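Here the structure is laid out as structure tokens; the discussion comes afterwards.
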2 protein chains.
Amino acid sequence: MADVPLAAQLAHRVPDLGALELLLAVARLGSLGRAARELGISQPAASSRIRAMERLLGVALVDRSPRGSRLTDAGTLVTDWARRVVEAAEAFDAGAQALRDRRDSRLRVAASMTIAEYLLPGWLIALRRARPDTAVSLHAGNSVAVAERLLSHEADLGFVEGVAAPEGLDSAVIGHDRLLVVAAPGHPWARRRTPLDPAELAATPLILREPGSGTRQVLDAGLSAYGGLAEPLLELASTTALKAAAVSGAGPCVLSELAVGEELAARRLVRVPVEGIRLRRDLRAVWPVGNRPAGPARDLLSLTRGALD
Amino acid sequence: MADVPLAAQLAHRVPDLGALELLLAVARLGSLGRAARELGISQPAASSRIRAMERLLGVALVDRSPRGSRLTDAGTLVTDWARRVVEAAEAFDAGAQALRDRRDSRLRVAASMTIAEYLLPGWLIALRRARPDTAVSLHAGNSVAVAERLLSHEADLGFVEGVAAPEGLDSAVIGHDRLLVVAAPGHPWARRRTPLDPAELAATPLILREPGSGTRQVLDAGLSAYGGLAEPLLELASTTALKAAAVSGAGPCVLSELAVGEELAARRLVRVPVEGIRLRRDLRAVWPVGNRPAGPARDLLSLTRGALD
DNA sequence: CATCGGCCATAAGCCCAGGTTATGACCTCA
DNA sequence: TGAGGTCATAACCTGGGCTTATGGCCGATG
């Protein structure tokens, strides 16, 4: 997705995670030494690391004084950007930890790809803060696979997106997910002031997921009254591929708002307003009929409920 | 903000940026060797790095075959999380690069902290994609400082949030920013089903920025009809401090939607619905009267326009 | 005023992660 | 059968990041 020639040397231009964490600690504690102690390294190590980072960025980040260190203006800004990298890394870590833990884990979660990708890491961070000793394992797959795992008692709690709950499972709607029409900034639709109407959307060839996907099902259902979807412009297998194709200007596409936050903010994609149709789908927690979530499953469920509107 | 005891060893549990980039390259190119070539390292180096990452995570990420390497299911998931870390790092890099470049840069931008922190990096990434050779320098400060830099021709284009454009500057509204009422999940307001009404909001002591801040001004103006703001619960100097206080349960606070995306998604904070008042402020691009943005400034401006609604 | 106790910087040395080259095993395809 | 692609293993090198030991600076304190 990212154009690589530019991104290729990223690691050489961005300080590593340890350095970013250190910077955050310095910002919070107001002293190199204290930050060093907190991270379990020596004071000279911290000093040299911060200095190396300043050399790398070409900007002074902290004002050293005999009474402590305070961030410079530039340092404040850099720290805020660093925080976002660290938060992404925390999400990565939370997910990875769940992925690593095997079947002996106390809480086994099965989730659809979209939820596992965009929402679960955040929930797991929250869960870890609330119940640090709960070990979670995660399995990601499509709705059918999630249902199978729950019914065979290989998972305690599942998350799926879709119109209805699968057979044999109880569920609770924990939120909703809008589908957005997006296009590259250069696309004519990106400059529309007047909202698209459903018939126009239905008549236009789009970049879509394969027919089985949840996104496509919702779209099909929503547009059936307007003549149904036109023949797709492209059919791709993953959300990432979809976004990449749209960004590169292949055409407009429709996907979850969860998936395109970054692209919209960076304006690699632009949202196209649509009127007269509601492209929403439910996000559900699911569990086997009768097996109401209890213990850690209940904790996680209560964390997620209402996380979205 | 982050509780450090847990986060402290993040760098030891998360692969470094180079490894994550490599993983993305493998995913995209379908072969360790090709990915290695793209990143300018040798094939054994790539092989060993991926292997080390798999050891660290305790999960197989790629299926090696004599005809190439494909991601496993777990690998797909990990790659998606990795992509988010890399994107945050790209934003960091874009910002840092602008910060580093000195006054000889072709495009000198001045921006308020909130915009510099949350929006500019994304725009700079987009600008770099569109005009790779445009060097940008960035200065962040409050609205007054931005205006000064523009009037003294130390900057070519500015960005501020607020109700009106500063004296002597032309401006274009490029978007809007909602102020949200948020509270920690444990706070009574977090469980409200009925929206807050403005009088109730005005009467409740909140965690706020100092009186001069843009956020506070908008809030003051919006609530003046309802008796004005109650005495603040706490007055803090930065958005980050605000969030930290709110997360730790000190009380409800009001801040830009731009600032709380992560916290809401991870449910460290919960949005409290409010009814009967519009807490919006304009985001404006500004420039000296008469000096319409041209060249690179125009490019950047057109990238940002409409990025938000 | 002398001293102590925080801060930070410098210096010298160690270690290992990540890089290299060289090689080999495996598979596929002309 | 050999050419060209895949990946893995081995032996080696280098440098970044760590350590400990030290010294300078400043402010608070008796």
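Remember, it's a predicted structure, so these values are computed and weren't measured experimentally. Side-chain atoms are counted along with the backbone in the values below, which use heavy atoms only and exclude waters and symmetry mates.
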is_close_aromatic(B:F159, B:W123), centroid dist under 6.0 Å: yes
task: Report the residues that fulfil side chain to side chain contact (heavy atoms under 4.5 Å, CB included) with B:S42, sequence neighbours left out, ordered by chain and then residue number.
output: B:P44, B:A45
field: Divergence of helical axes at both termini of the helix from C:dC8-D:dG23 to C:dA30-D:dT1 - five pairs an end, 10° steps
entry: 20°
Of the nucleotides [options], which one has an atom closest to the side chain of [X]?
X     : options               : answer
B:R64 : D:dT20, C:dA22, D:dC7 : D:dC7
A:P44 : C:dC7, C:dC26, C:dT10 : C:dT10
B:R49 : D:dA8, C:dG19, D:dT6  : C:dG19
B:S69 : C:dC7, D:dC7, C:dC8   : D:dC7
B:L32 : D:dC7, C:dT20, D:dT19 : D:dC7
A:S47 : C:dA9, D:dC7, C:dC8   : C:dA9

- prompt: Any ion pair linking B:D16 and B:R49 (charged N to carboxylate O, less than 4.0 Å)?
  reply: yes
query: Under 4.0 Å between a Lys/Arg side-chain N and an Asp/Glu carboxylate O for B:R13 and A:E90?
result: no
Could you state the atom-to-atom distance from [atom1] of [X] to [atom2] of [N] in whole Å?
X     : N      : atom1 : atom2 : value
B:R51 : C:dA17 : CZ    : C1'   : 16 Å
A:L61 : C:dC8  : CG    : C1'   : 16 Å
A:I50 : C:dT10 : CD1   : P     : 15 Å
B:L39 : C:dT20 : CG    : P     : 11 Å
A:Q43 : D:dA21 : CD    : P     : 14 Å
B:E54 : D:dC7  : CD    : P     : 12 Å
B:R70 : D:dT6  : CZ    : P     : 14 Å
B:I41 : D:dC7  : CD1   : P     : 13 Å

query: What nucleic acid atoms does A:D63 come within less than 4.0 Å of, heavy atoms only: base, sugar-phosphate, or nothing?
result: nothing
task: Could you check whether B:R37 gets within reach of a base, just the sugar-phosphate, or nothing at all, counting any heavy atom under 4.0 Å?
output: sugar-phosphate
query: So which one's nearest nucleotide on DNA chain C is more toward 5', A:S48 or B:G40?
result: A:S48
Look only at the side chain of [X] and the backbone of [Y], and say whether a donor-acceptor pair between them is shorter than 3.5 Å.
X     : Y     : value
A:T72 : A:A60 : yes
A:T79 : A:G75 : yes
A:S69 : A:S65 : no

message: What verdict does the salt bridge (Lys or Arg N to Asp or Glu O under 4.0 Å) test give for B:R84 and A:E117, after you've listed the backbone C-alpha separation in whole Å, the side-chain angles of each residue and the deciding distance to 0.1 Å?
response: CA-CA 10 Å; B:R84 299 165 78 77; A:E117 190 176 332; 5.9 Å; no
message: Return whichever of A:A45 or B:S65 has its heavy-atom-nearest nucleotide of DNA chain D closer to the 5' end.
response: B:S65
- request: For D:dA28, take OP1 and OP2 only and decide whether either is under 4.0 Å from a side-chain N or O of A:R67.
  value: no
query: OP1, OP2 of D:dT19 versus side-chain N and O of A:S42: anything below 4.0 Å?
result: yes
